[in-house]
*Asks:* 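To start, I am sharing the structure in question, which I have written as structure tokens.
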Amino acid sequence: MQYSKILYIILFWGFCGYTSLYAQEQLGLRLDNYSGANAITLNPAANATCAFAWDINLIGLGMSVNNNLAYIEKASLGKALRNTNSIGPDPALNISFNGKPTLEYNFKDKSPRYGSAVARVMGPSFVLNLSSGHSFGLFTSVRTLISTHSIPIVVNPYETQRIRRNQTFDVAPFNLRGLSWSEFGLNYAYRLGDDTDGGLAIGVNAKWMQGFQGFFINNFSGTKMTRLSRDTVRFDALNGELGFTNNYDDASTHSNGNGFGFDLGVLLTTPAGDDRPYEWRLGASLIDLGKINITKNAKVHQFQPKEAFELNEKDFENLDTNDPLADAIRRFDQKAFNNAQSSLKGNSMTFGLPMALHLQADYAFSKNVFVNGVVIQRMPIGQNILERDNLIAVTPRYESRWLGASLPISLLNYQQMRVGLVARLAFLTIGTEHLMSLISNSDLYGTDFYVALKINPFQIGQLSTGRGKGKGGNWGKNKRVSCYKF
């Protein structure tokens, strides 16, 4: 075992039991005028300006994995999945591997270093728009987020190889957090003004949530370490905290706590004066305000020993297979505290939702051609806040009642440029925000895809429901159909 593996045990043992990483912002599901129930999770006011009198999401799911440190060389997602058992280290890493790998992984350091695994399963959800300007909705979903935006430089094997014997080095402060939870949400939106003259819409989501599995690792003030040999390291200073749910091996979905959250949003549309539904649609929202308290099956450990201690790779060999994480912590306590005390601090923990500020601007070139700009900036306010990725995206799109296509061009965490592709055929939407990861054999840092199935009226009717001055909206122009009225 390499010396760096001791660091991996200390930094990432919170992943024990969470190796099934359950997409990014799924822009292709949320931006166009036919998004309906899918749009309200990004801006709760979007319900008031969609093109339907009602919309029902049957099922939607997506996943995203991204980082800017480790990658698989010359591989697409499909190629990597076909060769999972034969992915090995690049020879430059000097890491032993039995045989010759079919695909090689490597590391390329950037700063700041981040990694995230995100998933959302959106269950039955619906929205309803009344002619009075009031809109209502209900949505259900299951979400998972694992992320860090402060990966220590020593996780890079090239850096650990440069550390010499008896050399002291610092591990900068970092955090790593993950949580899976469910949401049951109610939406309300109200549109002020007439559809044909533009207007202002305001909306709110109120969410009740159940927390399932979660963990966090916090290194508060940095760690000072000394490499004593290839396999031994001394901790000269340590101030850290570890929390986790300890029923992660339970195959059933078990609620370990609950919480409440909110989303707040506004949308402003400006009139076009022609057959376009609007000229500009401008929006702003605060999403994922709230927290989840984990009060069952939780353990929180604090590591702040008063004296230096040593760890060797053999200290973590042959862990108890029934509960390897508990056994690893027990052995760590023996070394760090010399059996004088336990690191156990408490039996509950709190996670803040991945709060973010979302801004968007949508311009209509014609009745069917639009371009959208989005900025999503995380707001990690408080302790143990789940941190979503920052995102800037420009998305040109074509949309009609039965067909839609968009090309999201995004900058993830102000570092990685990606191009996606989304297609909508009637009630089915399939998309990705990272197309090259699926079709190109290039360096694979992550991937992303999503799909959703819904039903809604055959007639376009939301902006033609007779609200306001009763003129009907531009969605109803040139349509030989009767509009829905509630």
Side-chain angles (χ1 to χ4, degrees), residues 30-55 126-139 186-206 262-287 357-375 395 397 399-401 456-457 459-479 481-486:
R30 313 193 190 284
L31 296 182
D32 77 21
N33 295 292
Y34 300 90
S35 295
N38 298 99
I40 61 178
T41 57
L42 192 59
N43 189 327
N47 184 14
T49 63
C50 73
F52 295 116
W54 57 268
D55 181 79
F126 78 90
V127 292
L128 174 67
N129 296 282
L130 305 182
S131 59
S132 59
H134 297 278
S135 302
F136 302 91
L138 180 151
F139 59 93
L186 297 176
N187 168 262
Y188 171 74
Y190 181 69
R191 182 179 176 87
L192 300 93
D194 182 69
D195 296 335
T196 56
D197 296 334
L200 176 68
I202 57 176
V204 59
N205 294 331
F262 299 91
D263 307 314
L264 304 171
V266 296
L267 274 177
L268 175 67
T269 56
T270 63
D274 49 30
D275 65 347
R276 293 176 294 170
Y278 51 80
E279 183 176 24
W280 286 97
R281 184 180 64 184
L282 308 174
S285 59
L286 280 174
I287 50 179
L357 172 65
H358 159 243
L359 303 173
Q360 68 165 297
D362 199 76
Y363 182 77
F365 286 98
S366 70
K367 184 172 60 176
N368 300 112
V369 178
F370 302 79
V371 65
N372 182 280
V374 164
V375 175
T395 306
R397 72 181 189 278
E399 62 179 46
S400 67
R401 170 63 187 90
N456 39 48
Q459 296 98 331
I460 299 173
Q462 194 277 329
L463 292 183
S464 325
T465 53
R467 294 202 308 244
K469 298 178 182 177
K471 297 179 180 178
N474 288 332
W475 296 111
K477 286 189 176 181
N478 303 319
K479 302 289 181 181
V481 297
S482 59
C483 298
Y484 278 80
K485 300 179 185 298
F486 291 86

*Asks:* Which atom names give the shortest non-hydrogen contact between Leu128 and Trp54, and what distance separates them?
*Replies:* CD1-CB, 4.2 Å

*Asks:* Backbone N or O of Asn368 within a donor-acceptor pair of the Ser400 side chain at under 3.5 Å?
*Replies:* no

*Asks:* With a 3.5 Å cut-off and no angle check, do the side chains of Arg281 and Asn33 form a donor-acceptor pair?
*Replies:* yes

*Asks:* I need the Ile40 CD1 to Ile287 CD1 distance, nearest 0.5 Å.
*Replies:* 13.0 Å

*Asks:* Minimum heavy-atom separation for His358 and Leu42, please, with both atom names.
*Replies:* ND1-O, 3.3 Å

*Asks:* Can you name the residues that form a side-chain contact (heavy atoms from CB on, under 4.5 Å) with Phe262, not counting sequence neighbours?
*Replies:* Ala206

*Asks:* Just verifying a value: how many Å separate Asn187 CG and Asn205 CG, rounded to the nearest 0.5 Å?
*Replies:* 4.5 Å

*Asks:* Distance check, rounded to the nearest 0.5 Å: Leu267 atom CG versus Gln360 atom CD?
*Replies:* 6.0 Å

*Asks:* Would you check if Asp263 and Thr41 make a side-chain contact, meaning some heavy-atom pair closer than 4.5 Å?
*Replies:* no

*Asks:* What are the two closest non-hydrogen atoms of Ala45 and Gly203, and how far apart are they?
*Replies:* CB-N, 3.7 Å

*Asks:* Should Leu31 and Glu399 count as side-chain neighbours, where that means a heavy-atom distance under 4.5 Å?
*Replies:* no

*Asks:* Nearest 0.5 Å, what's the OG-CG distance between Ser135 and Leu130?
*Replies:* 7.0 Å

*Asks:* Under a 3.5 Å distance rule, please check whether Asp55 uses its side chain to pair with a backbone N or O of Asn456 as donor and acceptor.
*Replies:* no

*Asks:* Tell me whether Ser366 contacts the main-chain N or O of Val369 through its side chain, where contact means a donor paired with an acceptor under 3.5 Å.
*Replies:* yes

*Asks:* Can you name the salt bridge (charged side-chain N to carboxylate O under 4.0 Å, His left out) partners of Arg30, sequence neighbours left out?
*Replies:* none

*Asks:* Drop me the distance from Ile202's CD1 to Tyr190's OH, to the nearest 0.5 angstrom.
*Replies:* 9.0 Å

*Asks:* Report yes if the side chains of Asp362 and Tyr278 come closer than 4.5 Å at any heavy-atom pair, otherwise no.
*Replies:* yes

*Asks:* Of all residues at least two apart in sequence or in a different chain, which pass the ring pair (Phe, Tyr, Trp, His ring centres under 6.0 Å) check with Tyr363?
*Replies:* Trp280, Phe365

*Asks:* Look up atom OG1 in Thr270 and atom CG in Leu200, then write down how far apart they are to the nearest 0.5 Å.
*Replies:* 12.5 Å

*Asks:* Can you name the closest pair of heavy atoms from Ala272 and Glu279 and give their distance?
*Replies:* CB-N, 3.7 Å

*Asks:* Between Pro457 and Arg401, what is the shortest heavy-atom contact and its length?
*Replies:* O-NH2, 2.6 Å

*Asks:* Is there side-chain contact between Phe370 and Arg276, with at least one heavy-atom pair below 4.5 Å?
*Replies:* no

